[in-house]
2 protein chains.
Amino acid sequence: MRIGELAQKSGVSRDTIRFYERNGLITSTVGDSETNSYRNYKEDCLVWLQFFAGAREAGMSVADLRSIVEATAESCDRDVARAVIQHKIEELKERANQIVDVVQFLEKTLSGPK
Amino acid sequence: MRIGELAQKSGVSRDTIRFYERNGLITSTVGDSETNSYRNYKEDCLVWLQFFAGAREAGMSVADLRSIVEATAESCDRDVARAVIQHKIEELKERANQIVDVVQFLEKTLSGPK
DNA sequence: CTAAACCATGAACAATGGTCTATTGTTTCT
DNA sequence: AGAAACAATAGACCATTGTTCATGGTTTAG
């Protein structure tokens with residue numbers, strides 16, 4: 001599929017998709033047309049992009065995402081991938097705890113000072 | 001207390017403290033010394049800074065923090081403050097859910113593709 | 001056919017959140 | 001007294017995460 005369709009389906013803008021691609025989060029191939037150089041995106045780009053959107057909101061950096069993408073690449077050692085992802089999961093869980101703390105502080109602030 | 005002590009106690013660097021101050025997250029007064037213009041920070045700056053550190057990690061922006069600080073200011077309407085903070089709490093909880101989703105995706109990735 | 005919509009590429013621009021440097025003055029330790 | 005540590009201020013600098021722009025070509029709908 002082409003970038004426009006991908007953008008529309010994923011809810012990620014063309015520009016951001018290109019940005020992600022420049023940063024190695026997704027890849028595309030140049031189509032086989034003789035007349036244009038439009039790029040072609042596979043289905044799994046869509047899956048990734050949807051994941052990226054949530055992951056960015058959850059606070060993961062582009063670099064984090066790249067490391068996950070790279071880890072899950074075909075070429076990569078399954079155990080390495082497992083370790084990388086497990087590590088990210090731990091980080092995220094810690095972040096979730098952090099949020100709980102912050103919420104508690106805020107709720108205390110609400111009820112606290114008079 | 002002076003900025004160095006505050007930095008050391010809060011774990012937030014001097015530069016960052018000054019940055020936060022420039023951005024209205026904390027305030028200080030110029031001490032009453034005749035010879036210097038060292039700034040003076042009160043105890044509650046320390047409390048705030050500790051909160052800021054956690055809140056930033058949890059994904060709140062400096063602007064978010066400022067709105068909370070402003071809302072809790074003496075001058076401010078209690079109900080407005082309540083609303084602002086309640087709103088931030090909702091946002092944080094949603095972020096926490098987002099994290100859960102991302103973790104699920106990652107765990108699925110771990111067990112999923114062989 | 002032709003205007004509107006789409007695409008590629010590269011570079012510039014922007015906001016956020018700091019961090020570092022330069023300069024100058026103050027305090028404190030020995 | 002003199003060195004080391006601390007402080008204030010202003011401005012430069014940096015990475016991250018996009019967005020916008022300029023340019024030029026392609027496709028598609030009417």
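In what follows, chains carry the letters A, B, and so on, assigned in the order in which the sequence lines appear, proteins first and then strands, with residues in each chain numbered from 1. In this text the structure is predicted, and so the values were computed from the model without any measurement.
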By ring-ring contact (aromatic ring centres under 6.0 Å, His included), which residues pair with B:Y20, not counting sequence neighbours? B:F52
Can any side-chain N or O of B:D64 pair as donor or acceptor with the backbone N or O of B:S61 at less than 3.5 Å? yes
Keeping the roles fixed (side chain from B:D77, backbone from B:D79), state whether a donor-acceptor pair exists under 3.5 Å. yes
Hydrophobic cluster identity match, B:L6 and B:F19, side-chain contacts under 4.5 Å: yes
Using only side-chain N and O atoms of B:R22, determine if any of them is under 4.0 Å from OP1 or OP2 of C:dG18. no
Contacting residues from [range], given that a heavy atom lies under 4.0 angstrom of DNA chain D:
range: residues 23-34 of chain B; value: none
range: residues 3-12 of chain B; value: B:I3, B:G4
range: residues 35-46 of chain A; value: A:T35, A:N36, A:Y38

Spacing of [X] atom [atom1] and [Y] atom [atom2] [to the nearest 0.5 Å]:
X: B:T109; Y: A:I89; atom1: OG1; atom2: CD1; answer: 8.0 Å
X: B:L106; Y: A:I68; atom1: CG; atom2: CD1; answer: 4.5 Å
X: B:S28; Y: B:R18; atom1: OG; atom2: CZ; answer: 10.0 Å
X: B:R66; Y: B:I26; atom1: CZ; atom2: CD1; answer: 13.0 Å
X: A:Q86; Y: B:L110; atom1: CD; atom2: CG; answer: 6.0 Å
X: B:M1; Y: B:K9; atom1: CE; atom2: NZ; answer: 5.0 Å

Please enumerate all protein N or O atoms sitting under 3.5 Å from an N or O of nucleotides 22-24 of chain C, with distances to 0.1 Å.
none

Who pairs with B:R95 by side chain to side chain donor-acceptor pair (under 3.5 Å), at least two apart in sequence or on another chain? none
Taking all non-hydrogen atoms of both residues, which atom of B:A58 and which atom of A:V102 are closest, and how far apart? CB-CG2, 4.0 Å
Which whole-number value in Å describes the distance from [X] [atom1] to [N] [atom2]?
X: B:Y20; N: C:dG17; atom1: OH; atom2: C1'; result: 8 Å
X: A:F19; N: C:dA12; atom1: CZ; atom2: C1'; result: 15 Å
X: A:D64; N: D:dT16; atom1: CG; atom2: C1'; result: 12 Å
X: A:F52; N: D:dG18; atom1: CZ; atom2: P; result: 11 Å
X: A:E57; N: D:dT17; atom1: CD; atom2: P; result: 14 Å
X: A:I17; N: C:dC6; atom1: CD1; atom2: C1'; result: 14 Å
X: A:D15; N: C:dG10; atom1: CG; atom2: P; result: 14 Å
X: A:E21; N: D:dG18; atom1: CD; atom2: C1'; result: 16 Å

Heavy atoms from other residues, nucleotides or ligands near CD of A:E94 exceed 12 (cutoff 6.0 Å): no
Given D:dG18, D:dT28, D:dT19, identify the nucleotide with an atom nearest to the side chain of A:V62. D:dG18
Hey, which sits more toward the 5' end of DNA chain D by its nearest nucleotide, A:R56 or B:R18? B:R18
Without hydrogens or angle criteria, can the side chains of B:Y41 and B:E21 be said to hold a donor-acceptor pair below 3.5 Å? yes
